[in-house]
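Structure, as structure tokens:
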Amino acid sequence: MSDLLPHEKGFHVSWDQLHRDARALAWRLQGQGPDAGAWRAVVAITRGGMAPAMIVARELDIRMVDTISVKSYNHQTQSEPRVIKSPDMEVVGDGTGVLIIDDLVDTGRTLEVVRAHMPKAHVATVYAKPMGRPQVDTFITEVSQDTWIFFPWDMALQYVKPYRGQD
């Protein structure tokens with residue numbers, strides 16, 4: 001049994017931190033597009049990629065924004081990932097000049113499916129775990145494979161009792 005408390009292997013991301021990290025991602029992507037350094041479109045992987053994609057699109061002045069949705073869980077059981085909503089393929093084509101944005105790459109299975117749809121797109125995530133890193137072209141922060149990232153949309157502010165001692 002581990003001596004770690006439940007919060008010690010978790011990585012808690014606040015809205016402020018997500019905003020800073022997504023802006024850092026945009027800064028890293030600036031001027032990297034194939035069309036004189038510009039990107040044609042952003043495709044967010046729903047749902048976690050939507051907030052970072054909006055920030056990146058704003059910072060890089062990209063007006064064409066779409067989504068792709070991949071389902072790989074049925075409740076808590078992982079299954080074969082499949083696309084349940086595709087972007088406008090007339091716009092994104094093979095992915096040339098397109099940024100695919102997600103909050104996190106974990107095992108990389110979702111990104112394998114997405115890359116099959118847009119093989120020439122540039123994949124960027126805010127956070128990356130080692131197993132999924134080969135599927136990502138650009139990321140900001142790497143965390144260990146066994147770290148659980150708590151995103152701001154998964155949390156609520158509330159009182160928490162101290163771990164030790166009195167209230």
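Just so it is clear, the values below take in all heavy atoms, side chains as well, and ignore hydrogens, waters and symmetry mates.
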Exercise: identify the closest heavy-atom pair between [X] and [Y]:
{"X": "A57", "Y": "V65", "result": "CB-CG2, 3.8 Å"}
{"X": "I100", "Y": "A121", "result": "CD1-CB, 3.5 Å"}
{"X": "T125", "Y": "L111", "result": "CG2-CD1, 4.4 Å"}
{"X": "V83", "Y": "S86", "result": "CG1-OG, 3.4 Å"}
{"X": "D21", "Y": "I140", "result": "O-CG1, 3.6 Å"}
{"X": "G93", "Y": "M118", "result": "O-CG, 4.1 Å"}

Inspect the contact between K85 and D66 and indicate whether a charged nitrogen and a carboxylate oxygen are less than 4.0 angstrom apart.
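Salt bridge: yes.
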
I need the [X] [atom1] to [Y] [atom2] distance, nearest 0.5 Å.
{"X": "L99", "Y": "M64", "atom1": "CG", "atom2": "CE", "answer": "14.0 Å"}
{"X": "R133", "Y": "E142", "atom1": "CZ", "atom2": "CD", "answer": "4.5 Å"}
{"X": "W27", "Y": "L60", "atom1": "CH2", "atom2": "CG", "answer": "12.5 Å"}
{"X": "T141", "Y": "K129", "atom1": "OG1", "atom2": "NZ", "answer": "13.5 Å"}
{"X": "T110", "Y": "K71", "atom1": "OG1", "atom2": "NZ", "answer": "13.0 Å"}
{"X": "L104", "Y": "F151", "atom1": "CG", "atom2": "CZ", "answer": "5.0 Å"}

H122 vs Q32, side-chain contact (heavy atoms from CB on, under 4.5 Å): CA-CA, chis, key distance, verdict
CA-CA 10 Å; H122 186 99; Q32 301 298 312; 5.6 Å; no

Sequence neighbours left out, what passes salt bridge (Lys or Arg N to Asp or Glu O under 4.0 Å) with R23? Give chain and number order.
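Here the qualifying residues are E59.
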
Side chains of residues 35-55: which donor-acceptor pairs under 3.5 Å do they make with residues two or more places apart or in other chains?
{"unit_1": "W39", "atom_1": "NE1", "unit_2": "L29", "atom_2": "O", "d": "3.1"}
{"unit_1": "R40", "atom_1": "NE", "unit_2": "T96", "atom_2": "O", "d": "2.8"}
{"unit_1": "R40", "atom_1": "NH1", "unit_2": "V91", "atom_2": "O", "d": "2.9"}
{"unit_1": "R40", "atom_1": "NH2", "unit_2": "V91", "atom_2": "O", "d": "3.2"}
{"unit_1": "R40", "atom_1": "NH2", "unit_2": "V92", "atom_2": "O", "d": "3.3"}
{"unit_1": "R40", "atom_1": "NH2", "unit_2": "T96", "atom_2": "O", "d": "2.9"}
{"unit_1": "T46", "atom_1": "OG1", "unit_2": "I68", "atom_2": "O", "d": "3.4"}
{"unit_1": "T46", "atom_1": "OG1", "unit_2": "S69", "atom_2": "OG", "d": "3.1"}

Could you check whether atom CH2 of W153 has more than 12 heavy atoms from other residues, nucleotides or ligands sitting under 6.0 Å from it?
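Yes, enclosed.
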
CH2 (W15) with more than 12 external heavy atoms under 6.0 Å:
yes

Student check: side-chain heavy atoms of R109 and E80 closer than 4.5 Å
yes

V13 versus Y127: any side-chain heavy-atom pair under 4.5 Å?
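Answer yes - side chains close enough.
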
Working note: V123 + R115, criterion side-chain contact (heavy atoms from CB on, under 4.5 Å); need CA distance, chi angles, decisive distance, verdict.
CA-CA 8 Å; V123 176; R115 279 189 177 278; 3.6 Å; yes

Starting from V98, can I reach V114 by hopping between I/L/V/M/F/W/Y residues whose side chains sit under 4.5 Å apart?
yes

Do V126 and V136 sit in the same hydrophobic cluster, where Ile, Leu, Val, Met, Phe, Trp and Tyr count as joined when their side-chain heavy atoms come under 4.5 Å apart?
no

Cut-off 3.5 Å, side chains only: do Q145 and D106 have a donor facing an acceptor?
yes

Under 3.5 Å side-chain donor-acceptor pair for D16 and S14
no

For F139, is there any backbone N or O sitting under 3.5 Å from a side-chain donor or acceptor partner on R28?
yes

